[in-house]
Amino acid sequence: MGYRIGVILGDGIGPEIVREARKALDAVCAKYGHHFEYEELLLGGASIDVHGVPLTEETVAAAKGCDAVLMGSIGGDAKTSPWYQLPPERRPEAGLLGIRKALNLFANLRPAYLYDELRAACPLRDDISAAGFDMLIMRELTGGLYFGARKTEEVDGVCVATDTLSYSETEIRRIAKRAFDIAMKRRKKVCSVDKANVLDSSRLWRQVVEEVAKDYPEVALSHMYVDNCAMQLVMNPAQFDVILTENMFGDILSDEASMVTGSIGMLSSASLNETKFGLYEPSHGSAPDIAGQDKANPIATILSAAMLLRYSLDLDEEANALEAAVRQILKEGYRTGDIMSEGCTQVGTREMGDLIAARIME
Ligand code: NAD
């Protein structure tokens, strides 16, 4: 089949890690007889250098014409890069927020998976990490507290700041539907996280999630309060499959979940809208400290490409093959510097990409 893939190389290590992810996608194409047409799009610092702004109408229009977009991280060193002399709305990060908004990417997915070979990096107790974990946090990205009305005012001579946490049933339904659809591709479990013992928005959240669940009889739904979830993530992470939650809770829990894996260079992510379209990128930043040195771990970006295959193109078998190739390479003992341990073979960005592409082809 033929697909059109937008490619944002990004800044810092972005071009190096995206290059390796494309290698993996090309190997998938060669093995399974697909054809990907790539279109390079500018965003962030790279766009500022050419157009003076971090996001242009052309990039948005071109992204809309693609089946999915694969992206390296954007941004530079805030202390030394001239991009950070610009006003905030013209800095690289504004481009990222802008494209998420322009493409209506309301669902953010961050998997947290513990590879047996990387267990030593997991900060949890051995008896907990021994059980492994494989979860996916589905965070609502465009509503809730971060987007509600806010003000700071003086009331009776005292300064008062107010933020508003508001969700409509439409916003909750569309993210819940996404979570259940994705659970159907996984172990068919959804844990919806809220604070329904206190917040009205959480009570509505719970009610709508239960309504949506009726359309997915094969998926087991549970509810958990957010404070309990924060504890369970470090006490018993193996219990989770898909965690569905609102914007702020998801912001905090997804960082907690990813950090218990212990390996920043391994963490993929996706942001989806109501169609099949998605923007796929590593969870880490552009690592300007190691850019251009063949030191970056390309695996987070390669795993983001696997998510692209699964969630935007419905190529599940191909996504599984790519993930299996990553596992195989780790099993064979190959490591980039960030995940290196004794007895393993250290390789650079390019070689890691070559090895994974070769295993896909086997
Ligand atoms: P960072 O994630 O880029 O780097 C933190 C540390 O992790 C650094 O030591 C870096 O070398 C290392 N690291 C990160 N990714 C790695 C990889 N794949 N392989 C090996 N080591 C890796 O975070 P930061 O330094 O705080 O941010 C740098 C820039 O990235 C900033 O401009 C920031 O705004 C931007 N950023 C962008 C995104 C995004 O594009 N979504 C996300 C986070 C940060």
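Note that ligands are numbered from 1 as they come in the structure, with each ligand's atoms numbered from 1 the same way.
Checked against a 3.5 angstrom limit, the closest N/O atoms of Gly285 and ligand 1 fall inside it. Considering both main-chain and side-chain atoms, Asp77 never comes within under 3.5 Å of ligand 1 through any nitrogen or oxygen pair. Ligand 1 has a nitrogen or oxygen under 3.5 angstrom from a nitrogen or oxygen of Tyr84. For a threshold of 3.5 Å applied to N or O pairs, the pair formed by Glu281 and ligand 1 contains at least one separation below that value.
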Acceptor/donor pairs from residues 114-122 side chains to any protein atom, 3.5 angstrom cut, sequence neighbours excluded:
residue: Arg119; atom: NE; partner: Ser129; partner atom: OG; Å: 3.4

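The nearest non-hydrogen atom to atom 32 (O) of ligand 1, considering only Gly76, Ser286, Pro282, comes from Gly76. When Pro92, Ser269, Ala287 are checked for heavy-atom proximity to atom 13 (N) of ligand 1, Ala287 turns out nearest.
No hydrogens or angles considered: nothing links the side chains of Glu323 and Tyr113 as a donor-acceptor pair under 3.5 Å.
At the top of the distance list for atom 17 (C) of ligand 1, counting protein heavy atoms only, stands Asn297 N, 3.7 Å. Looking only at heavy atoms of the protein, atom 33 (C) of ligand 1 is closest to Glu93 OE2, 3.7 Å. Protein heavy atom closest to atom 9 (O) of ligand 1, with residue, atom name and distance, is Asp289 OD2, 3.1 Å. Protein heavy atom at the shortest distance from atom 28 (C) of ligand 1 is Pro288 CD, 3.6 Å. What sits closest to atom 37 (C) of ligand 1 on the protein, heavy atoms only, is Ile74 O, 3.1 Å.
With respect to Leu43, the side-chain contact (heavy atoms from CB on, under 4.5 Å) criterion is satisfied by exactly one of Leu279, Ile99, Ile48: Ile99.
Within the 4.0 angstrom cut-off, atom 21 (N) of ligand 1 has one or more protein heavy-atom neighbours.
The two residues Ser168 and Leu204 make their nearest non-hydrogen contact at C-CD2, 4.3 Å.
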